[in-house]
Asks: 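I'd like to ask some things about the structure below.
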Amino acid sequence: MNYSNSAIFPLITLALLVLFSLPWPATSASSSSVQNFLHCIANKSAPLLESVYTPTNPSFNLVLRSLIRNRRFLTPQTPKPAAIVAPTSVQHVQATVVCARDNGVQIRIRSGGHDYEGLSYRSNVTFVILDMFNLRMIKVFVGKEVAYVQAGATLGELYYKIANASNVHAFPSGVCTGLGTGGHFSGGGYGTLMRKYGLSVDNIVDAQVVDANGNILTRATMGEDLFWAIRGGGGASFAVIVAWKIKLVRVPEKVTVFNVPFTLEQGATDVAFKWQLVAPKLHEDLFIRLQPSVANGTILVNVVGFFLGESERLVPMLTQSFPELNLTKSDCKEMSWLESILNWANFPPGTPVEALLNRTQGARDYSKNKSDYVKSVISREGIETIWKLLTELANTTSAKVIVQWNPYGGKMGEIPASSTPFPHRFGNLFLVQYIVFWSEGGLNVTDRNVERVRYMYDQMAPFVSKSPREAFLNYRDNDIGSTASDGTNFREAQVYGSKYFRDNFPRLTKVKAMVDPLNFFKNEQSIPPKLK
Ligand SMILES: Cc1cc2nc3c(=O)[nH]c(=O)nc-3n(C[C@H](O)[C@H](O)[C@H](O)COP(=O)(O)OP(=O)(O)OC[C@H]3O[C@@H](n4cnc5c(N)ncnc54)[C@H](O)[C@@H]3O)c2cc1C
Ligand SMILES: *[C@@H]1O[C@H](CO)[C@@H](O)[C@H](O)[C@H]1NC(C)=O
Ligand SMILES: *[C@@H]1O[C@H](CO)[C@@H](O)[C@H](O)[C@H]1NC(C)=O
Ligand SMILES: *[C@@H]1O[C@H](CO)[C@@H](O)[C@H](O)[C@H]1NC(C)=O
Ligand SMILES: *[C@@H]1O[C@H](CO)[C@@H](O)[C@H](O)[C@H]1NC(C)=O
Ligand SMILES: *[C@@H]1O[C@H](CO)[C@@H](O)[C@H](O)[C@H]1NC(C)=O
Ligand SMILES: *[C@@H]1O[C@H](CO)[C@@H](O)[C@H](O)[C@H]1NC(C)=O
Ligand SMILES: *[C@@H]1O[C@H](CO)[C@@H](O)[C@H](O)[C@H]1NC(C)=O
Ligand SMILES: *[C@@H]1O[C@H](CO)[C@@H](O)[C@H](O)[C@H]1NC(C)=O
Ligand SMILES: *[C@@H]1O[C@H](CO)[C@@H](O)[C@H](O)[C@H]1NC(C)=O
């Protein structure tokens, strides 16, 4: 099928332009390069003035905070931007890029604001946020089984719009409904449909971006190298993603979910051991996440399932392949795919699907997460060691500690590791996420809890991938290597680059050298241009 589309991207970028301008408030705090930047965008695109927030603007703090999800980066010590620019058209994005480049101002691009290290809204050098929240149009074409979605749209909005147009279509991306498509898709993007359809990046057919020269490009004009790089290499190193064209996938009218808890007494260790053997090999219609945590001083393992079909087919499948689960029909809930989204995102039962359109989420907790890949089965003794580690951790912090094991296999094992920059395909049993979160702050508490999750990560080394110890870009972790905000050290970049991208890292640096040789798009973990 040929989805020729270059005509449609301008269509979805049409936005309300307010045709008057305001004088600039004096911002003595900003450096002169920021002043020049602000004058430049005022001159280039007068209507953009309406969408610029400087620290003297009464809405500045509200706009800044509204997309900060992690309270660790909502402290007086967190560096603030010199301005926030929130374009309402692709021309505004162009003006922002060109004026920032010409005046030597660093930009940080923010879509949903969920970056684990806050790199979309904090930097140690003077910077401006290019905030995409006004660019969130979504158009679904069920007949062609495609949709266009702008970078600032959330997954909740996208899921709602797809389901509103069809009850048998979906898109494979994340579980958390507040994620922005700009950051989430360009970093990989996985969810419950991963074993059936792969990642978000495996289902993207075109994109509209603004490059470091301020040009608007689509797949045909950017070329296959850049189009490859932005599907898993992180948008922030290459261009501003303005919109994606995505291929919808088919789902049945009814799907099934379950969530069965096991305590140690109920056989949690056997269930976890067997899960490793079974979950990555199950039918690709099934995605079963294992979620060990500590509750009431003991281990609790939640087995959280998603099935593309009805319980009548599911229960016999699991009775045969995973009898330790003892899954019965009464453990299962059948619902539409959209309702399963609410269920997996932990909305209370009965929440109306319109809740997916609510963008007011705020930051409830402080947290620090890390990731790992497991390639060989962990022995029963190994699992018991992990349980001990979890209880030890829970005993020594005020934080809640949760681990998520996400099974690979299915479609994930069939897609070649070089087809996108995301390299963690065949040979992986599961992705591990370590989650530590707490709600009482203070720098000492933060230091202590962050130290604890690092300790857990160190202790896990025997059980996970080695040379390199792989990590998932969307679970960004500055501990695995980073460079200064204001430049990129190639040797450092090779450290995190090989963990996130393995053998795809060299190609990413070549694409970078081609499209952004002066390294305009950069952050603490960006891709440096290949050294000559
Ligand atoms: C609660 C929660 C649940 C999550 N669940 C999942 C999950 O189920 N599956 C999964 O795969 N991941 C998950 N993640 C991780 C998530 O995918 C990443 O944090 C992702 O980067 C978020 O994208 P964003 O646009 O919301 O974040 P942002 O913080 O806005 O951006 C993240 C990165 O992308 C860059 N970026 C953002 N927009 C653009 C753009 N338009 N153009 C170029 N670069 C851009 C930013 O500069 C930054 O480097 C979860 C994160 C959280 C906090
Ligand atoms: C806008 O551009 C014009 C012409 O280049 C220039 O004379 C003027 O000083 C600029 N104004 C601002 C506010 O930068
Ligand atoms: C860690 O993951 C949890 C669960 O997905 C999430 O709620 C939390 O915000 C994440 N932490 C960070 C630092 O974003
Ligand atoms: C800024 O520098 C401080 C101190 O070196 C460091 O802790 C912090 O992580 C840096 N911030 C970013 C966004 O890199
Ligand atoms: C689609 O959305 C409209 C308005 O939001 C609503 O009235 C309608 O019931 C929805 N249709 C379906 C099939 O969900
Ligand atoms: C912990 O114990 C309390 C009191 O017995 C109980 O109410 C609660 O449900 C338990 N929590 C979990 C997660 O089992
Ligand atoms: C299986 O589940 C049923 C119903 O929930 C329960 O009665 C039975 O004890 C369970 N069997 C095992 C071996 O856990
Ligand atoms: C949106 O969600 C927030 C946080 O859960 C809640 O406080 C608010 O009431 C919700 N808004 C609407 C319109 O439902
Ligand atoms: C954690 O604390 C509980 C009691 O609160 C104790 O029984 C257990 O031995 C401790 N575990 C570790 C690993 O410290
Ligand atoms: C934080 O830790 C430092 C040194 O470890 C200590 O001096 C200080 O009192 C602590 N502050 C609080 C609020 O606990």
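Owing to the predicted nature of the structure, the values given are computational and were not obtained by experimental measurement. When reading the values below, keep in mind they use all heavy atoms of this one structure, side chains included, and skip hydrogens, waters and symmetry mates.
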Asks: Tell me every residue that passes salt bridge (Lys or Arg N to Asp or Glu O under 4.0 Å) with K370, counting only those two or more places apart in sequence or in another chain.
Replies: D477, D479

Asks: Just jot down the salt bridge (Lys or Arg N to Asp or Glu O under 4.0 Å) partners of R289, sequence neighbours excluded, or say none.
Replies: none

Asks: How would you list, by chain and number, every residue that makes a salt bridge (Lys or Arg N to Asp or Glu O under 4.0 Å) with R250, sequence neighbours excluded?
Replies: E145

Asks: Using 0.5 Å steps for rounding, measure from the CG atom of N449 to the CD atom of E440.
Replies: 11.5 Å

Asks: Does R195 make a cation-pi contact with F287 (under 6.0 Å, within 45 degrees of the axis)?
Replies: no

Asks: Once the angle between the rings of Y366 and W438 is folded into 0 to 90°, is it parallel (under 30°), tilted (30 to 60°) or perpendicular (over 60°)?
Replies: parallel

Asks: Ignoring hydrogens and geometry beyond distance, is a side-chain donor-acceptor pair present between K368 and N70 at under 3.5 Å?
Replies: no

Asks: Taking NZ, NE, NH1 and NH2 as the nitrogens, is one of them in E451 or R454 under 4.0 Å from a carboxylate oxygen of the other?
Replies: no

Asks: Any idea which heavy atoms bring G232 and L473 closest together, and the distance?
Replies: O-CD2, 3.5 Å

Asks: Give me the ring orientation class for Y475 and Y190: parallel if the planes are under 30° apart, tilted from 30 to 60°, perpendicular past 60°.
Replies: perpendicular

Asks: Say you draw a straight line from OG of S120 to CG of L67; how long is it, rounded to the nearest 0.5 Å?
Replies: 8.0 Å

Asks: If you measure from the Lys or Arg side-chain nitrogens to the Asp or Glu carboxylate oxygens, is any gap between D202 and R425 under 4.0 Å?
Replies: yes

Asks: What distance do M132 atom CE and T88 atom OG1 have between them, rounded to the nearest 0.5 Å?
Replies: 11.0 Å

Asks: R101: which residues meet the salt bridge (Lys or Arg N to Asp or Glu O under 4.0 Å) condition with it, sequence neighbours left out?
Replies: none

Asks: Check this for me, if you would: do R359 and E157 make a salt bridge, where the nitrogen-to-carboxylate-oxygen distance has to be below 4.0 angstrom?
Replies: yes

Asks: Looking at residues at least two apart in the chain, or sitting in another chain, which of them share a ring-ring contact (aromatic ring centres under 6.0 Å, His included) with F37?
Replies: none

Asks: For F472 and F422, take the angle between the two ring planes, folded into 0 to 90°, and tell me which bin it lands in: parallel under 30, tilted 30 to 60, perpendicular over 60.
Replies: perpendicular

Asks: Roughly how far, to the nearest 0.5 Å, is CG of L342 from CH2 of W337?
Replies: 10.5 Å

Asks: Could you note down all residue pairs passing side-chain hydrogen bond (donor to acceptor under 3.5 Å, both in side chains) where residues 223-242 supplies at least one of them, sequence neighbours left out?
Replies: R219-E224, D225-R507

Asks: Can you tell me if NZ on K400 sees more than 12 non-hydrogen neighbours from other groups inside 6.0 Å?
Replies: yes

